[in-house]
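Numbers restart at 1 for each chain; the letters A, B, ... are given by sequence-line order, proteins then strands.
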Amino acid sequence: MTTTTATATTTASSRPKAAQLLGTYGSLVAIALVALVLLVWAPNSLSPFRLGNLGKYCSWAMAAVGIGLAWGRGGMLVMGQGVFFGLGGYTMAMHMKLEAAGPGGIPDFMTLYGDGTMPGWWAPFRSAPFTLFAIIALPAAVSFLLGYAILKRRVKGAYFAILTQALAVAFATLLIATIKQTGGFNGLNTFSTVFGHNLYDPGVKKGLYLVSAALLIVFLVIVWQFNRSRYGELLIATRDAEERVRFLGYDPANVKLVAFVAAAIMASIGGAIFAPIAGIISPSNVDAAASVMMIAGVALGGRSALLGPALGAIAVGFGQSTLSERFPTGWTYFQGGLFIVVIMFLPAGLASLWPKVKSLLPGRMSPQAALVDGENGA
Amino acid sequence: MTASLIGQDYIEIRGLTVDFDGFKAIDGVDLTLMQGRLHFLIGPNGAGKTTLVDALTGLVQGSGEARFRNKNLLGMRAHRIVQLGIGRTFQTATVFEQLTVLQNLDIAAGVHRKGSRLLFARRAVPERVAQTLETIGLQALANRPAGILAHGQKQWLEVGMLLVQDAQVMFLDETVAGMSADEREETGDLLERIVPDRTIVVIEHDMEFMRRYADFVTVMHAGKVLAEGTVAEIQADPQVHEVYLGTAAEVGADE
Ligand SMILES: Nc1ncnc2c1ncn2[C@@H]1O[C@H](COP(=O)(O)OP(=O)(O)OP(=O)(O)O)[C@@H](O)[C@H]1O
Ligand SMILES: [Mg+2]
C-alpha cells in the first residue's frame with residue numbers, strides 16, 4: 001500500500017474509479033490469458049498424453065477454485081473436498097459403467113465380486129440427464145445438510161478442518177468396505193463410452209480436455225463475480241469478524257453456507273470430468289490424502305487471490321506427475337520443503353508476491369490488493 | 001402498530017439477571033429505556049454496563065424479561081434482534097479492517113436489502129451511505145481499508161454503521177472515549193439531532209460529556225441499579241458520591 005498517495009483517494013470520483021476499473025477488469029484480462037493458454041495454446045501444442053494430464057489438473061483446479069472461495073474468502077479450512085470430488089466422480093463413473101454394460105446389463109465387477117445382481121440405487125444412473133442432475137444436486141444436498149449442521153453449531157477453525165477431514169476418511173473407508181456396490185479399493189474403471197462418445201477416440205479425448213478447461217474458466221468467472229459482489233464483501237467481513245457481522249443483522253452461518261455449498265458443487269463437477277479423462281475413480285482419488293493435495297495447491301498459489309488456487313492446483317498436479325516421474329524419491333522431499341518455505345515466508349501463497357511485483361511497475365495499485373496480502377491465519 | 005408507536009417506543013427491562021458461573025454480573029435490574037431522550041448509563045468499572053447491553057443484544061444469555069414491541073429480547077438470537085431495529089457499538093471499536101470504509105458502511109446498510117441482490121456488485125454509493133459518510137466526516141477515506149483508521153475514526157465508523165442500519169434503538173458503549181474534545185461535541189450534537197425518533201443509550205465515563213448531553217441517567221453499581229434520574233438528581237444523590245469515592249468531586253463538580 002506504500003505507493004498509494006493521499007490524493008489518489010480523496011473522493012469517489014474519477015481517479016479511484018479508474019483504478020477500480022483496472023482492479024476489476026484487470027482480473028478478467030488475467031482470466032482471458034489463462035483461457036488463451038488452456039483453450040488455444042495447449043490443445044495445439046501438447047501431446048495427447050500431456051493434454052490428458054492437463055485435463056486432470058484442470059479438474060483438480062476446479063475443486064481448488066471452490067476451496068479458494070470457502071477457505072480463502074470464507075475462512076473455512078475445507079479439508080475434505082475429496083468427498084464432493086468423489087460424489088461427482090463416482091456419479092459419472094457409475095453412469096459410464098452402466099453405459100459399458102449396455103442396456104439391461106450390469107457392471108462387470110458386480111458379477112466378479114458379488115452375486116451378479118445390481119443394487120436398486122444404481123438404476124437411475126443409467127439415465128444421462130439424471131446423472132448430470134445428480135452431479136450438481138448430490139453435492140449440493142450433502143454439503144447443505146452437513147454445512148447447516150456444522151456451521152449453525154458455530155464449529156470453526158481447527159475443529160472445522162478436522163471434522164471435514166474426518167468426513168473424507170469416512171467416505172473412503174465406506175467405499176473400500178462396499179466392494180460389491182462401489183468397486184471397493186479398485187474403484188470404478190474400464191469405461192468405454194461417455195454419453196455415447198468413444199473414450200478411445202482421440203477427438204473425444206481432446207473434447208473432454210476442452211470441456212475440463214472451459215469449465216475451469218467458467219468457474220473462475222463465477223468466482224470473480226462472487227468476489228466483486230456484495231456477497232463477496234460480506235463473506236470477507238464474516239471471515240475476519242464473524243461476531244461483528246451478527247450484530248449487523250446477518251446470520252454468519254448462512255453467509256458461510258453459501259460458499260461451502262458452492263465449493264462442494266465445484267469439486268463435484270471437477271470429479272465428474274476427472275473420471276472419464278483419467279479412466280478411473282477410486283478411493284485414493286477422494287480420500288484424506290487426495291483432499292490434502294487439493295488444499296496444498298490452493299495454499300501454494302494463494303488462497304484468497306482469484307487465480308492463486310487454480311494455478312497452484314495445476315502446478316501441484318504437474319509437479320506430482322511430471323517431476324515425480326523423473327525424480328521419484330526427490331519429489332516428495334522437494335514438495336514438503338516447498339510447502340514449509342511457502343507457509344513460513346509467504347503465508348498468503350505465491351500470489352502475494354504479485355502486489356509486490358506490481359508496486360515496482362509504474363502505475364498505481366488497485367484497492368483490491370488489500371484483500372490479497374496481509375492475510376491472518378485460518 | 002407502526003403509527004401508534006411513534007414517540008412511544010420503549011424497552012422495558014424487568015428482573016434482568018446475568019449469571020457468569022455463579023457470579024451475577026447483572027443482578028435483578030429493572031430499567032425502562034424510552035424513545036426521545038439521551039439515556040446515559042454510568043457506573044464504575046465492572047459495574048455491569050457492557051454486560052447489560054450484551055444481554056439485550058443477544059451476546060450473552062440473561063434471564064428475566066426485556067420487552068420491545070411485544071417481543072422478549074432475552075433468548076432471541078443476535079441477528080434477529082438487529083433485524084428488529086436494535087443496533088450497538090462495541091467498547092473496543094470493531095470494524096472490518098480489510099474492507100474499505102465504504103464497504104463497511106454498505107454491509108451495515110444490508111439489513112434492509114434482499115438476499116438475492118447480494119450477488120451483484122455495488123454500482124453506485126447508496127444514498128444513505130453517502131449521507132452517512134458526510135455525517136461522520138470520512139468521505140476522504142471512503143476507499144481506504146478501515147484497518148488504517150485512527151482509533152477515534154473507527155468509533156465514528158461504528159456510529160456510521162448504526163446510522164446506515166437506521167437502528168431505532170442504539171446502544172453506544174463508550175463511543176466518545178478516545179475522541180478529541182471537538183469530536184465529542186460533534187458526536188453529542190449528532191446524537192441530540194437524531195434522538196427524537198430513537199431510543200439511545202450512551203455508556204460513558206466522561207462526566208462532563210454526561211452533564212452536557214444527558215436527558216436521563218442511570219447509575220449502575222455491582223450489577224444493580226444504584227440511582228436514576230436527571231443529571232441534577234444524580235449529582236445530588238449521596239449514594240452516587242459514595243461509589244464514585246475517588247471521583248466524587250468529579251460527579252458533583254459544577255464547572
Ligand atoms: N464473559 C464473562 N465471564 C465472566 N465474567 C464476566 C464476563 N464478562 C464480564 N464479566 C464480569 O462482569 C462484570 C461486569 O463487567 P462489564 O464489562 O459489564 O462492566 P462495565 O460496567 O462495562 O465496566 P467498564 O466500565 O470497565 O467497561 C465485571 O466484573 C466483569 O469482570
Ligand atoms: Mg464496559
Side-chain angles (χ1 to χ4, degrees), chain A residues 1 4-13 15-17 19-20 23-24 73 75 152 154 222 224-255 258 262 304 348 366-376, chain B residues 54 57-59 77-90 93-113 115-125 129-130 133 139-148 158 161-162 164-165 167 171:
Chain A
M1 299 309 300
T4 319
T5 58
T7 49
T9 47
T10 39
T11 55
S13 65
R15 276 259 151 238
K17 213 162 206 171
Q20 230 160 10
T24 327
R73 297 271 162 168
K152 286 281 178 186
R154 305 190 187 178
I222 289 175
W224 169 77
Q225 173 61 23
F226 254 128
N227 290 352
R228 66 195 284 268
S229 72
R230 282 184 153 123
Y231 169 77
E233 296 174 350
L234 183 57
L235 187 61
I236 292 204
T238 308
R239 175 193 73 188
D240 293 345
E242 183 164 335
E243 287 309 311
R244 190 67 183 90
V245 164
R246 213 184 286 284
F247 291 95
L248 293 175
Y250 303 93
D251 186 348
N254 292 345
V255 178
V258 172
S304 45
S366 74
Q368 233 71 354
L371 302 179
V372 178
D373 53 27
E375 284 295 280
N376 34 34
Chain B
D54 288 349
T57 54
L59 189 58
R77 286 183 299 158
H79 67 279
R80 294 274 176 228
I81 294 175
V82 177
Q83 287 166 6
L84 282 184
I86 299 178
R88 68 171 294 182
T89 66
F90 289 82
T94 324
V95 297
F96 307 117
E97 311 238 318
Q98 300 218 1
L99 297 178
T100 65
V101 170
L102 175 61
Q103 286 171 326
N104 269 271
L105 289 173
D106 190 62
I107 287 177
V111 213
H112 309 294
R113 215 173 273 142
S116 54
R117 286 187 46 209
L118 277 175
L119 290 177
F120 300 97
R122 181 183 46 254
R123 297 206 161 270
V125 180
V129 171
L133 268 174
Q139 294 126 300
L141 297 167
N143 291 308
R144 304 301 306 275
I148 65 153
E158 283 232 49
M161 284 158 91
L162 272 185
V164 292
Q165 263 178 284
F171 293 105

Engineer: Does any backbone or side-chain atom of Val258(A) lie under 4.5 Å from a heavy atom of chain B? Answer side chain, backbone, both or neither.
Structural biologist: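 Neither part.
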Engineer: Looking only at heavy atoms, which of residues 78-88 of chain B get nearer than 4.5 Å to chain A?
Structural biologist: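 From residues 78-88 of chain B, the residues near chain A are Ala78(B), His79(B), Val82(B), Gln83(B), Arg88(B).
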Engineer: What distance do Glu233(A) atom CD and Phe96(B) atom CZ have between them, rounded to the nearest 0.5 Å?
Structural biologist: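 Those atoms lie 11.0 Å apart.
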Engineer: Could you grab the distance from atom CD of Gln165(B) to atom CG of Leu105(B), nearest 0.5 Å is fine?
Structural biologist: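 These two atoms lie 10.5 Å from each other.
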Engineer: Apply side-chain hydrogen bond (donor to acceptor under 3.5 Å, both in side chains) to Asp106(B) and list each qualifying residue two or more places apart in sequence or on a separate chain.
Structural biologist: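 Counting only residues at least two positions away or on another chain, Asp106(B) forms a side-chain hydrogen bond (donor to acceptor under 3.5 Å, both in side chains) with Arg230(A), Arg113(B), Arg122(B).
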Engineer: Who passes side-chain hydrogen bond (donor to acceptor under 3.5 Å, both in side chains) against Thr238(A), sequence neighbours left out?
Structural biologist: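 Checked Thr238(A) against side-chain hydrogen bond (donor to acceptor under 3.5 Å, both in side chains); zero matches.
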Engineer: Counting C-beta onward and ignoring hydrogens, is there a side-chain heavy-atom pair between Tyr250(A) and Val111(B) closer than 4.5 Å?
Structural biologist: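 Tyr250(A) does not reach Val111(B) side chain to side chain.
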Engineer: Can you pull out every salt bridge (charged side-chain N to carboxylate O under 4.0 Å, His left out) where at least one residue sits in residues 94-105 of chain B? Sequence neighbours excluded, please.
Structural biologist: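 Pairs touching residues 94-105 of chain B that pass the test: Glu97(B)-Lys154(B).
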